[in-house]
Each structure stands twice: as structure tokens, then as C-alpha cells.
Amino acid sequence: LSGAVGGTDVGNIAITNGLVVNSGGAISNADAVSAGTATINDTIGANSVAITGTSGLGANVTTSGTQSYGATTLTGNRVLAGSGVTFTSTVGGATGGESLTVNTGSVEFQGAVGTAGTALGDISAATSLTVTAAGSIVNAGNLSAASAALSGAVGGTDVGNIAITN
């Protein structure tokens with residue numbers, strides 16, 4: 001998508017293979033956005049987002065509901081807003097040091113975060129931070145959240161300060 005989609009109201013946007021949201025191709029007011037793979041370089045505003053395969057997050061995403069992503073690469077510091085964000089596979093940075101902020105909900109990691117060469121910067125969740133038994137935070141900056149459930153490993157290579165407020 002190179003032109004804006006939305007404005008007033010858009011139903012579901014379902015792309016079987018590769019969704020590409022180029023700069024200037026923002027999606028707004030969509031019910032649901034789903035795709036097998038995605039490269040997101042402009043903002044998405046929707047009720048929910050579900051990307052089952054690989055994702056390149058080069059822009060911020062806002063939903064009123066949930067977001068889920070497969071293997072994800074952050075290209076720059078990203079802010080995700082929604083009731084809950086789930087990463088079902090690996091999460092890394094394109095060059096290393098990219099931060100991830102989930103500013104209105106929880107974040108769950110089900111795969112390795114910040115693997116060798118793709119370390120993340122700070123990771124912040126407005127409510128809860130969950131690392132499942134299959135997940136891990138290997139290499140990242142500071143971690144902060146209101147609460148945490150850590151079943152997987154945290155700090156396999158290098159993790160900064162961990163601040164849980166509740």
C-alpha cells in the first residue's frame with residue numbers, strides 16, 4: 001500500500017502473503033488487519049492486527065484490541081498500543097539497540113528476544129511483561145513493566161536493569 005487506506009471506516013483487510021505498508025500508505029480505522037507476512041513502514045490504526053509469519057516493524061501500530069506477530073525485526077524504536085501484544089516467535093532489531101514500548105497494554109514473548117547481533121534496546125510494557133517457557137530475553141537493554149510473569153530465561157547474554165513496579 002502506497003496510498004492511505006481508511007479515513008472513515010474500513011472493514012477487514014486480509015492479505016494472504018505479503019502486506020507492505022509503504023511510507024504514505026497508512027492504514028486507519030480498519031476493523032482487522034491480517035497477513036501471512038508484513039513490512040510495515042507507516043502507521044496502522046485498527047481494532048486488531050495479526051501477522052502470522054515474518055514482520056518488519058518500521059512504524060508504530062495502534063489497536064483497540066490485540067496485536068500478534070510472528071518472527072519480527074524492529075527497524076527503529078517502536079511504540080505499539082493495544083490491549084495486548086504477542087510475539088509468537090523471535091524478536092530482534094535490524095541494527096541492534098532498537099527499543100520497544102507497549103504503552104497501553106501487556107506484552108508476551110513466546111520466542112527468543114534480542115538474539116546475537118540483533119539486540120534490542122529498552123523494552124517497556126504499560127501493564128504486564130510475560131516471557132513464556134518457550135521464550136527468552138537474551139540480549140536487551142532495560143526491562144520495565146507494572147508486573148511480570150517470567151517462565152522463560154531472562155539475561156542469557158546481556159540485559160540491563162529490570163524494574164517491575166508491582
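The first residue of the sequence shown is numbered 1, and numbering continues consecutively from there. FYI, side chains are in, hydrogens and waters are out, and symmetry mates aren't considered; it's all heavy atoms of this structure. Computed from a predicted model, the values in this text were never measured in an experiment.
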N/O donor-acceptor pairs under 3.5 Å from side chains in residues 49-59, not counting sequence neighbours:
none

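Here ring pair (Phe, Tyr, Trp, His ring centres under 6.0 Å) pairs that include residues 118-161, with residues two or more places apart or in two chains, number zero. Listed by first and then second residue, the ring pair (Phe, Tyr, Trp, His ring centres under 6.0 Å) pairs involving residues 66-98 are Tyr69-Phe87, Phe87-Phe109 (not counting sequence neighbours). Counting only residues at least two apart or in different chains, side-chain hydrogen bond (donor to acceptor under 3.5 Å, both in side chains) contacts with residues 80-92 are absent. Sorted by first and then second residue, the ring pair (Phe, Tyr, Trp, His ring centres under 6.0 Å) pairs with a member in residues 122-141 form an empty list; sequence neighbours excluded.
Expressed to the nearest 0.5 Å, how far CD1 of Ile27 lies from OG1 of Thr62 amounts to 12.5 Å. A distance of 10.0 Å separates OG1 in Thr95 from CG in Leu74, rounded to the nearest 0.5 Å. One finds the CG atom of Leu150 at 6.0 Å from the CG atom of Leu129 (value rounded to the nearest 0.5 Å).
Listed by chain and number, the residues in a side chain to side chain contact (heavy atoms under 4.5 Å, CB included) with Ala163 are Ser144 (sequence neighbours excluded). Under the side chain to side chain contact (heavy atoms under 4.5 Å, CB included) criterion, Ile15 pairs with Ile13, Leu19, Ala35, sequence neighbours left out. Applying the side chain to side chain donor-acceptor pair (under 3.5 Å) criterion to Thr72, with sequence neighbours excluded, gives no partner residue. Partners of Asn103 by side chain to side chain donor-acceptor pair (under 3.5 Å), not counting sequence neighbours: none found. Partners of Asn142 under the side chain to side chain contact (heavy atoms under 4.5 Å, CB included) rule, at least two apart in sequence or in another chain, are Asp122, Asn161. Taking the side chain to side chain donor-acceptor pair (under 3.5 Å) definition, one finds that Thr101 meets it with nothing, sequence neighbours left out.
In this structure, Leu120 is a member of the same hydrophobic cluster as Val154, with clusters built from ILVMFWY side-chain heavy atoms closer than 4.5 Å.
Judged purely by atom type and a 3.5 angstrom limit, Asp42 has no side-chain atom pairing as donor or acceptor with the backbone of Val21. Counting only distance, with no hydrogens or angles, the side chain of Gln67 and the backbone of Ala81 share a donor-acceptor pair below 3.5 Å.
When every heavy atom of Ile137 is checked against every heavy atom of Ala140, the shortest pair comes out as CG2-CB, 3.9 Å. For Ala126 against Ala146, the heavy-atom pair with the smallest separation is O-CB, 3.7 Å. Contact between Ala125 and Val107 at its shortest, heavy atoms only, is CB-CG1, 3.7 Å. For Thr75 against Glu98, the heavy-atom pair with the smallest separation is C-CG, 4.5 Å. Taking every heavy atom of both residues into account, Ala148 and Ile164 meet most closely at CB-CD1, 3.7 Å. Shortest non-hydrogen contact noted between Val33 and Ala46 is CG2-CB, 4.0 Å.
Side-chain atoms of Asn60 and Thr43 form no donor-acceptor pair, as typed in the model, at a separation below 3.5 Å.
In this structure the side chain of Thr132 never reaches within 4.5 angstrom of the side chain of Ser151, judged on heavy atoms.
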